[in-house]
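Because the structure is predicted, anything quoted here is derived from the model rather than measured. Side chains are part of it too, since the values below use all heavy atoms of this structure and drop only hydrogens, waters and symmetry mates. Residue numbering restarts at 1 for every chain, and letters A, B, ... go by the order of the sequence lines.
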2 protein chains.
Amino acid sequence: MYRIGELAKLNQINADTLRYYEKNGLLKPSGRSASGYRVYNDADAQQLRFILRAKAIGFSLTEIQELLEIDHNRAQWACQDVKGMVEAKAVLIQTKIDELVQFRDSLQHLADACCGGPESAEHCSILDALEANS
Amino acid sequence: MYRIGELAKLNQINADTLRYYEKNGLLKPSGRSASGYRVYNDADAQQLRFILRAKAIGFSLTEIQELLEIDHNRAQWACQDVKGMVEAKAVLIQTKIDELVQFRDSLQHLADACCGGPESAEHCSILDALEANS
DNA sequence: ATAAACCTTTGAGTTAAGTCCAAGGTCAAC
DNA sequence: GTTGACCTTGGACTTAACTCAAAGGTTTAT
């Protein structure tokens with residue numbers, strides 16, 4: 001049994017984050033104390049670790065909600081559903097990687113063409129490239 | 001001489017975006033018509049292309065503002081200042097790429113271990129991995 | 001008995017880069 | 001002389017995932 005601050009500290013997050021997760025349907029404490037304090041049990045703590053692990057992997061909170069729903073009703077889902085979600089996410093990430101690689105290459109291209117010296121930037125090739133008509 | 005809608009259309013952006021750029025000090029129209037309409041000249045149009053090109057490369061509007069400032073005062077800056085900015089940005093992007101590659105590998109790892117079949121997810125290795133204690 | 005450290009709720013603020021809306025003024029065509 | 005397309009301003013809204021503040025109640029230690 002944990003109080004909110006305790007559970008937060010154990011997982012190195014902010015108590016506000018736990019309230020936020022509750023408001024968004026990700027983690028509801030199993031009970032409340034007589035005075036209204038949130039009380040989390042071990043199952044709650046485990047679910048929180050599920051959430052944080054999935055987040056670290058890169059899932060959004062909305063996606064995590066879907067994963068939790070599946071996890072709580074495993075019998076009603078097929079392995080391929082879950083694998084499909086993960087693979088779709090992988091494709092998205094790959095797209096993002098490709099974009100960034102292209103971006104990095106553009107930058108590298110600009111930097112490579114620049115003398116990089118202490119001279120005035122009057123004729124800087126980088127600025128010229130950005131100025132260029134066309 | 002262009003009016004806001006004209007310049008926007010030519011560059012395939014929204015007129016609101018031009019007003020937003022003005023508010024944020026990126027592009028001030030060189031004048032106003034008698035009735036208060038924004039009037040952009042060719043130099044303005046060229047600066048807009050500078051902005052859009054830098055944005056396509058991946059710079060944030062704040063960074064573009066810095067680039068513009070340098071561009072407008074080239075004599076006061078050295079090539080190495082500009083090159084430094086570009087290279088710093090490249091390092092940041094590389095870091096982001098590394099993170100995403102790691103994320104993608106994590107996902108791939110999960111997906112590879114999953115049978116992906118039409119069977120119930122009762123014993124899905126992906127969900128198990130997220131559930132795992134430790 | 002009181003101070004410190006915790007908890008409660010509601011609601012607003014944060015970042016980035018726009019996008020949309022309302023209420024109204026202007027311009028060109030027919 | 002009146003549509004319709006354009007323009008003006010100010011301000012609110014969007015997404016994601018928190019984070020903070022205010023005003024007050026509870027618990028724990030001294």
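- Atom CD of A/Gln65 is separated from atom C1' of D/dA16 by 13 Å (rounded to the nearest Å).
- Here the CG-CG distance, from B/Asp71 to A/Leu127, works out to 5.0 Å after rounding to the nearest 0.5 Å.
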Please tabulate, one pair per line, all N/O donor-acceptor pairs under 3.5 Å involving side-chain atoms of residues 54-66 of chain B, not counting sequence neighbours.
unit_1, atom_1, unit_2, atom_2, d
B/Ser60, OG, B/Glu63, N, 3.2
B/Ser60, OG, B/Glu63, OE1, 3.4
B/Glu63, OE1, B/Ser60, N, 2.8
B/Glu63, OE1, B/Lys89, NZ, 3.0
B/Glu63, OE2, B/Lys89, NZ, 3.1
B/Gln65, NE2, B/Asn24, O, 2.8

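- First and last contacting nucleotides of DNA chain C toward chain A (any atom under 4.0 angstrom from a heavy atom, 5' to 3' order): C/dC6 to C/dT9.
- Listed in residue order, the members of residues 33-43 of chain A having a heavy atom less than 4.0 Å from DNA chain C are A/Gly36, A/Tyr37, A/Arg38.
- Applying the 4.5 Å side-chain rule to ILVMFWY residues, one finds B/Met1 in the same cluster as B/Val39.
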Identify all side-chain donor-acceptor contacts of residues 100-113 of chain B below 3.5 Å with residues at least two apart in sequence or on another chain.
unit_1, atom_1, unit_2, atom_2, d
B/Arg104, NH1, A/Gln94, OE1, 2.7
B/Ser106, OG, B/Gln102, O, 3.1

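- For the side chain to side chain donor-acceptor pair (under 3.5 Å) test, residues two or more places apart in sequence or in another chain that qualify with B/Ser35 are B/Ser33.
- Linking ILVMFWY side-chain heavy atoms closer than 4.5 Å, directly or via other members, places A/Val91 and A/Met85 in two distinct hydrophobic clusters.
- B/Glu22 approaches B/Tyr40 most closely through the heavy-atom pair OE1-OH, 4.3 Å.
- Within a 6.0 Å sphere centred on CD of B/Glu122, heavy atoms belonging to other residues, nucleotides or ligands number more than 12.
- When heavy atoms are screened at a 4.0 angstrom cut-off, A/Lys55 is found touching the sugar-phosphate backbone but no base atom.
- In this structure, CD1 of A/Ile4 is placed 15 Å from C1' of D/dT26, rounded to the nearest angstrom.
- Under a 4.5 Å side-chain heavy-atom criterion applied to ILVMFWY residues, the cluster that includes B/Tyr37 comprises that residue alone.
- Each side chain to side chain donor-acceptor pair (under 3.5 Å) pair with one or both residues in residues 2-12 of chain A, not counting sequence neighbours, appears once here: A/Tyr2-A/Asp42.
- In this structure, B/Arg3 reaches the sugar-phosphate backbone alone: every heavy-atom distance under 4.0 Å involves primed, P, OP1 or OP2 atoms, never a base.
- For B/Asp16, the side chain to side chain donor-acceptor pair (under 3.5 Å) partners at least two apart in sequence or on another chain are B/Arg19.
- A/Tyr21 places its OH atom 8 Å from the C1' atom of D/dA17, with the value rounded to the nearest Å.
- With sequence neighbours left out, the side chain to side chain donor-acceptor pair (under 3.5 Å) criterion links B/Asn73 to no other residue.
- For the helix from C/dA1-D/dT30 to C/dC30-D/dG1, the end axes, each set by the C1' atoms of five terminal pairs, are bent relative to each other by 20° (nearest 10°).
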Please tabulate, one pair per line, each protein N/O and nucleotide N/O from nucleotides 19-22 of chain D that are separated by under 3.5 Å, including the distance.
unit_1, atom_1, unit_2, atom_2, d
D/dT19, OP2, A/Thr17, OG1, 3.4

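- As rounded to whole Å, 15 Å separates atom P of D/dC6 from atom CG of B/Leu18.
- No side-chain heavy atom of B/Leu68 sits under 4.5 Å from any side-chain heavy atom of B/Leu27.
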